[in-house]
Number of protein chains: 2
Amino acid sequence: MGYHHGDLRVALIEASFASLAEYGLQRFSVAAVARRLGVSSAAPYRHFPDRDHLLSAVSAVAARELREEIVAAADAAGADEVDRLAAVAGAYVRFMTRTGAGFHVIFAAGLSALHDEERREQTRALMTTLIELAVAVEPSSYQEMLHLIQEIIAVAHGYTALLTDGFFQLSNGSAEHIATRAVRAAADLATARR
Amino acid sequence: MGYHHGDLRVALIEASFASLAEYGLQRFSVAAVARRLGVSSAAPYRHFPDRDHLLSAVSAVAARELREEIVAAADAAGADEVDRLAAVAGAYVRFMTRTGAGFHVIFAAGLSALHDEERREQTRALMTTLIELAVAVEPSSYQEMLHLIQEIIAVAHGYTALLTDGFFQLSNGSAEHIATRAVRAAADLATARR
DNA sequence: GTCTATACCGGGATAGAC
DNA sequence: GTCTATCCCGGTATAGAC
């Protein structure tokens, strides 16, 4: 068994992303992440007390990176408010298929009991960004604006979930193709609200 | 350990639905289903050679029942083609939250290698029903019609996945509420295509 | 057709050596 | 801070008794 030199804590988080992308959250295991780094199965427990604390750290990084990519996608989409909001769906599909760490990881049920301050801060920032993009399209009602966000996340999450579950195996199932279709669907949903 | 009297094969399928609804596909196990019925963990293997064959039988029943509920929901929605197609999303959310056996179970990746004729027939019938409802809204292009179906399945599946993953925990997360919002989103998507 | 018992596997987590 | 070694648990699947 090799001896890890460097920041194993950071390496564990990075390897967790690779593991999530490859196997998904269902088969995520601390032991597999350790194997991927060539360290013993006990090593991760020096840095995280248990599996959920590792996943919580992954969640915090995922929320930060997803937020960054959403901001970049919105800016690349131009000035139209609907296009900017619809870009969220594309960024989500691309991030999720690349990293495996979507909202089901970021907001995983078991994690809310952990009181991880970093994670709390990053998820809050992510939601704030989504709200800023959505109020530009639906400023009349806070409730309706929240529903619009959830609609767009639902369609983006649904596309990626069906993609990873093999539902699109017979059609053109490339992630990029699905991303553009998610953007179109999101734009239709946003337009219907305006 | 109790001795099961009656049709254990059928009972195993029914108990699998209950287990899926309670724990989800991730934690589905043959042993847990056997426990639920009060039989030994070896008993299921007299009726299904392995775990995947049990899930394949569950998939066939799920496809048939989901199709029936979709037909009923469409008929209850009236004569408008958009309303009939949008009703699919509501039926899907209700079925999925009640049984846990959505498209990720019906079309689970590992099952396509099994050559279960009953399952093949039921999934085909389900897709045919969806196509009949979608051509009424988008008759111009087969490709676009398929995309419309996938859009609506995506939004319905996404809503249910986020609901079961606890994303809606702070808002009103009842299944019925989510079902009506999925119908509205589906109607918006269908209208945008017309 | 179902039981008990068991082999085997893999993941979570800990103890103690270095 | 990482290792080796180990315990415990639970799932899959099989063998053989009834």
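Chain naming here is simple, since letters A, B, ... match the order of the sequence lines and numbering starts at 1 in each. All heavy atoms count here, side chains included; hydrogens, waters and symmetry mates do not.
Among the heavy atoms of the strands, none lies under 4.0 Å from A/Arg9. Across all strands, A/Ser29 comes closer than 4.0 Å only to sugar-phosphate atoms, never to a base (heavy-atom distances).
Interface residues of residues 12-21 of chain B facing DNA chain C, ordered by number: none; criterion, heavy-atom separation under 4.0 Å. Within residues 45-58 of chain B, the residues approached by DNA chain C to less than 4.0 Å at the level of any non-hydrogen atom are B/Arg46, B/His47, in residue-number order.
Checking the phosphate oxygens (OP1, OP2) of C/dG11, no side-chain nitrogen or oxygen of A/Arg27 falls inside 4.0 Å.
Hydrophobic clustering (ILVMFWY, side-chain heavy atoms < 4.5 Å, transitive): A/Ile106 and A/Ile131 are in one cluster.
Closest approach to the A/Ala42 side chain among C/dA15, C/dG12, D/dT2 is made by C/dA15 (side chain taken as heavy atoms from C-beta onward). Nearest to the side chain of B/Ser41, among D/dA13, D/dG11, D/dT2, sits D/dA13. Closest to the side chain of A/Val30, from the set C/dG12, D/dA13, C/dT4, is C/dG12.
Going from atom CD of B/Gln26 over to atom P of D/dG10 covers 19 Å, rounded to whole Å. Distance A/Leu37 CG to D/dG1 P: 16 Å, rounded to the nearest Å.
With sequence neighbours left out, the salt bridge (charged side-chain N to carboxylate O under 4.0 Å, His left out) criterion links B/Arg119 to no other residue. A/Gln122 pairs by the side-chain hydrogen bond (donor to acceptor under 3.5 Å, both in side chains) definition with A/Glu118, not counting sequence neighbours. Applying the side-chain hydrogen bond (donor to acceptor under 3.5 Å, both in side chains) rule to A/Asp116 yields the partners A/Ser56; only residues at least two apart in sequence or on another chain are considered.
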Kindly determine whether A/Ile178 and A/Thr97 satisfy side chain to side chain contact (heavy atoms under 4.5 Å, CB included), including the steps that lead there. CA-CA 10 Å; A/Ile178 295 297; A/Thr97 52; over 6 Å; no

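Relative to the axis of its first five pairs, the axis of the last five pairs of the helix from C/dG1-D/dC18 to C/dC18-D/dG1 sits at 10°, rounded to 10 degrees.
Under a cut-off of 6.0 angstrom, the local environment of CZ in B/Arg27 is sparse, with at most 12 non-hydrogen atoms contributed by other residues, nucleotides or ligands.
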